[in-house]
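What follows is a set of notes on a single structure, which appears directly below.
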Amino acid sequence: MKNAIHDLISKLDLKPHPEGGFFKETYRSKGVIDESHLGASYTGKRNYSTCIYFLLTSDNFSAFHRIKQDEIWHFYDGSPIDLHVISESGVYHKHVIGIDIKNGEVPQFVVPGGSWFAAEAINQNAYALIGCTVSPGFSFEDFELKSRDDLISLFPDHKEIISRLTHF
Ligand code: GUN
């Protein structure tokens, strides 16, 4: 499995992501939305839309983070993923992203902008390859990772899952 993962990372030219896992941007629209047409929380202009490959393995996870825009997840291959979402008002839900539809997995899921989310491959010795699409296009200006302690003080009811799925 380690070799298969190494091959995927190399063939798709994936790089480590600050939240964990590996990614490669595959699309960034040429069109640009001016700051005056974006919500007040955006600083600067943004491309209409962007898309990435995102790879998780059993040895890593995507730590709790948030972005301003809704993020559409598309399942491509490998292990199903547990996607943990805490809404801005503190409501927690787990969604299983995968292709086993009859058992409740969903191949597509939209994470609402502003919610905190983390993800992990469910199977051992495995990888999960997905796509993530956002509009307005992605900018690290709209991306926020918080520390374990800060997130626990915001959402004390979810201490256990936050402790497990944060890096610092
Ligand atoms: N580009 C770089 N990082 C990300 C990310 O976390 N999500 C999306 N959609 N695009 C990105």
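Just so you know, ligand 1 is whichever comes first in the structure, and atom 1 is the first atom listed for that ligand.
- Taking 4.0 Å as the cut-off between side-chain N and carboxylate O, K45 and E35 do not count as a salt-bridged pair.
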Filter the ligand 1-protein atom pairs down to N or O on both sides and distance under 3.5 Å, then list them.
residue	atom	partner	partner atom	Å
ligand 1	3 (N)	H17	NE2	2.7
ligand 1	6 (O)	H17	NE2	3.2
ligand 1	6 (O)	E19	OE1	3.4
ligand 1	7 (N)	E71	OE2	2.7
ligand 1	9 (N)	E71	OE2	2.7

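- With hydrophobic clusters built from ILVMFWY side chains whose heavy atoms lie under 4.5 angstrom apart, F143 does not share a cluster with Y42.
- Judged as a side-chain contact (heavy atoms from CB on, under 4.5 Å), and not counting sequence neighbours, the contacts of Y92 are H84, I86, K94, H158, I161.
- One distance of note links CG of N125 with CE of M1; it measures 5.5 Å at 0.5 Å rounding.
- Looking at residues two or more places apart in sequence or on another chain, you find a side-chain contact (heavy atoms from CB on, under 4.5 Å) between D149 and S147.
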With a 3.5 Å cut-off and sequence neighbours excluded, list the donor-acceptor pairs that the side chains of residues 13-22 form with protein atoms.
residue	atom	partner	partner atom	Å
D13	OD1	K15	NZ	2.8
D13	OD2	K24	NZ	3.2
H17	ND1	E19	N	3.1
H17	ND1	E19	OE1	3.3
E19	OE1	H65	NE2	3.2
E19	OE2	S62	OG	2.9

